[in-house]
Amino acid sequence: MPDEPFGRLVVVGQGYVGLPVAMRAVEVGFEVVGFDLDKDRVGLLRRASTFVDDVSDAQIALALSSGRYVATCDQKELAGFDIAVICVPTPLRDGTPDVGSIEKAGRMISHHVAAGCCVVLESTTYPGTTADLLVPILEAGSGLRAGRDFHVGYSPERIDPSNRTWQFHNTPKIISGVDAESLRVVREFYDSLVAQTFAVPGTREAELAKLLENTFRHVNIALVNELAVYTHGMGVDVWSVIDAAATKPFGFMRFEPGPGVGGHCLPIDPSYLSWQVKRSLGRAFRFVDLANDVNDHMPDYVVARAVECLNARRKAVNGSRILLVGLAYKSNSGDARNSPAIAVARLLDKLGARLCAIDPLVDSAAVPTYVEMVGCEREHLDGADLVIVLTDHDVVNWDLVAQRSDCVLDTRNRLRSGNAERL
């Protein structure tokens with residue numbers, strides 16, 4: 001770490017996690033290299049064109065004009081860094097964590113590791129990845145020793161796309177290091193970027209904290225999803241039940257049901273924890289397994305309810321025109337990764353439905369070819385045999401949806417019209 005307050009920062013991965021880190025670092029004064037292997041992505045960044053909900057074209061343009069940000073695919077640009085932050089994807093492959101991108105990033109960075117520099121991993125992963133996987137790669141490529149010659153830490157990302165209240169700079173940041181000096185350097189770095197940091201004893205604790213955060217959400221969403229299935233069968237309005245329970249000022253936290261879970265965290269992170277417990281202890285993490293089972297089958301339940309809605313009108317799914325409102329995995333985001341709405345569309349297509357969808361935020365390239373993208377217009381609402389609300393973007397004209405839709409299945413409790421059947 002240099003004596004001056006800011007130095008040269010390399011951010012490996014310029015997606016939903018890495019790009020906000022890079023933009024904030026430029027803002028506070030770092031010289032930033034945004035590295036990504038995706039040439040198309042780098043090309044967009046060089047043209048100040050965003051593909052991330054929380055970063056605008058204007059922010060990228062400002063970073064480029066400052067002369068302190070460069071987007072590149074060239075590994076030579078990695079040289080001379082003071083700090084490197086790894087923000088690469090860590091998907092599941094057949095239920096097993098794929099940390100190949102971390103290994104690849106580590107090998108690329110290792111050849112540029114110099115005395116006094118710092119490498120921080122932000123990618124979600126299982127406990128032990130930083131110390132047992134990344135550190136040996138960095139040491140092998142550099143010939144230096146972590147802790148003695150250079151610093152290594154882990155700080156889990158907490159990006160929540162489209163959240164206008166809690167963004168990168170004001171969300172508390174968990175930090176850790178492989179030793180005390182590494183923690184000091186990691187703290188100094190993140191203290192310059194965010195309002196609050198919270199140190200934990202080691203990198204394993206930081207890695208596990210991230211998994212706990214999302215497992216907590218996953219399990220509680222599964223609880224209300226399963227409750228929604230059973231309350232419907234009992235003739236009880238689950239939304240009224242949740243509203244009532246949420247009036248308790250202690251001992252209860254509101255979670256809401258929906259068509260399933262999606263995005264880059266909930267469908268993946270809890271399974272990382274379950275996999276690690278099974279591998280390390282030979283035990284099943286039963287809460288995670290149950291939550292996976294409930295949430296993974298919510299798209300099936302939504303389709304079953306859609307069948308009920310159409311049957312009540314003496315119509316079959318096969319040949320019916322079904323309009324899906326919202327394809328992103330969460331409201332006010334264009335992110336359709338692992339979206340349950342896409343899973344619902346796939347199931348309906350297999351049953352022979354004619355599908356169209358309204359989602360002004362999702363890139364059409366992320367939408368299956370059997371789904372026709374349309375605007376929120378009367379002709380499309382009037383012509384639908386069934387409208388299914390899957391994502392409740394604020395930009396949708398909900399008054400028009402309520403007025404012009406003859407038959408609605410609302411999985412998000414967005415509509416209160418008499419003809420809307422709720423999940």
Side-chain angles (χ1 to χ4, degrees), residues 10-13 17-18 78 81 83-158 173-187 189-190 198-215 264-265 268-285 288:
V10 164
V11 182
V12 181
V17 176
L78 300 176
F81 68 82
I83 300 171
V85 179
I86 298 174
C87 305
V88 295
T90 48
L92 286 173
R93 306 288 187 193
D94 299 322
T96 300
D98 181 355
V99 293
S101 292
I102 294 178
E103 294 174 317
K104 189 169 187 176
R107 286 193 294 270
M108 287 190 297
I109 289 173
S110 70
H111 302 299
H112 304 288
V113 168
C117 77
C118 181
V119 178
V120 184
L121 178 62
E122 283 210 10
S123 303
T124 301
T125 188
Y126 58 85
T129 302
T130 303
D132 301 336
L133 177 70
L134 181 60
V135 165
I137 291 173
L138 297 174
E139 291 180 336
S142 67
L144 302 175
R145 181 68 60 84
R148 185 191 69 188
D149 302 315
F150 65 97
H151 313 293
V152 181
Y154 180 79
S155 180
E157 59 90 3
R158 279 178 164 171
K173 200 86 166 71
I174 295 173
I175 56 171
S176 66
V178 296
D179 63 353
E181 183 61 15
S182 290
L183 176 59
R184 184 192 68 78
V185 174
V186 172
R187 184 195 297 274
F189 169 59
Y190 282 108
F198 182 84
V200 295
T203 56
R204 283 176 171 81
E205 286 81 2
E207 290 160 340
L208 186 53
K210 169 63 176 179
L211 299 184
L212 175 60
E213 291 173 12
N214 284 329
T215 299
H264 64 296
C265 289
I268 297 172
D269 296 2
S271 294
Y272 260 70
L273 180 53
S274 180
W275 175 85
Q276 178 72 338
V277 169
K278 183 71 172 178
R279 185 183 73 155
S280 301
L281 305 175
R283 302 282 297 275
F285 204 127
V288 172

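- How far CG of L183 is from NE2 of H151: 11.5 Å, rounded to the nearest 0.5 Å.
- Contact detail for S123 and I102: the closest heavy-atom pair is CB-CD1, 4.1 Å.
- The shortest side-chain heavy-atom distance between F81 and V113 falls under the 4.5 Å cut-off.
- In this structure, S110 contributes its side chain and R107 its backbone to a donor-acceptor pair below 3.5 Å.
- Listed by first then second residue, pairs satisfying ring pair (Phe, Tyr, Trp, His ring centres under 6.0 Å) with a partner in residues 96-125 number zero, not counting sequence neighbours.
- How far SG of C265 is from CG of N214: 4.5 Å, rounded to the nearest 0.5 Å.
- For C118 against V186, the heavy-atom pair with the smallest separation is SG-CG2, 3.9 Å.
- Test V17, V11, V119, V120 against I86 for side chain to side chain contact (heavy atoms under 4.5 Å, CB included) and you get one pass: V119.
- Sorted by first and then second residue, the ring pair (Phe, Tyr, Trp, His ring centres under 6.0 Å) pairs involving residues 113-137 (not counting sequence neighbours) are Y126-W275.
- Between S155 and Y190, the closest heavy-atom pair is CB-CE1, 3.7 Å.
- A donor-acceptor contact shorter than 3.5 Å is absent between the side chain of T203 and the backbone of S176.
- At least one donor-acceptor pair under 3.5 Å links the side chain of K210 to the backbone N or O of E157.
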Next on the checklist: If you apply the rule side-chain contact (heavy atoms from CB on, under 4.5 Å), what do you find for F150 with V185, and how did you get there?
Outcome noted: CA-CA 10 Å; F150 65 97; V185 174; over 6 Å; no

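- Contact of the L273 side chain with the L208 side chain is registered, since non-hydrogen atoms from C-beta on lie closer than 4.5 Å.
- Screening residues 88-98 for salt bridge (Lys or Arg N to Asp or Glu O under 4.0 Å) gives R93-D98 as the qualifying pairs, with residues at least two apart or on separate chains.
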Only pairs under 3.5 Å count here: list side-chain donor-acceptor contacts from residues 138-145, not counting sequence neighbours, and write none if there are none.
{"unit_1": "E139", "atom_1": "OE2", "unit_2": "A146", "atom_2": "N", "d": "2.9"}
{"unit_1": "S142", "atom_1": "OG", "unit_2": "L138", "atom_2": "O", "d": "2.7"}
{"unit_1": "S142", "atom_1": "OG", "unit_2": "L144", "atom_2": "N", "d": "3.1"}

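- Looking at C87 and V12, their side chains never come closer than 4.5 Å, going by heavy atoms from C-beta outward.
- Looking at heavy atoms from C-beta onward, Y154 lies out of side-chain contact with L134 at the 4.5 angstrom threshold.
- Side-chain contact between T124 and I268 is absent, with no heavy atoms from C-beta onward closer than 4.5 Å.
- Using a 4.5 Å heavy-atom threshold, the side chains of I174 and R158 count as touching.
- The salt bridge (Lys or Arg N to Asp or Glu O under 4.0 Å) pairs that include a residue from residues 110-134 are E122-K173, D132-R204, where partners are two or more places apart or lie in different chains.
- Residues L211 and P127 share a closest heavy-atom pair of CD1-CD, 3.9 Å.
- Not counting sequence neighbours, E207 has no partner by the salt bridge (Lys or Arg N to Asp or Glu O under 4.0 Å) test.
- The shortest distance between side-chain heavy atoms of R187 and R184 does not fall below 4.5 Å.
- Scanning all heavy atoms of the two residues, the minimum distance from V288 to S274 falls at CG1-CB, 3.8 Å.
- Here NZ of K278 is found 12.5 Å from OG1 of T96. Values are rounded to the nearest 0.5 Å.
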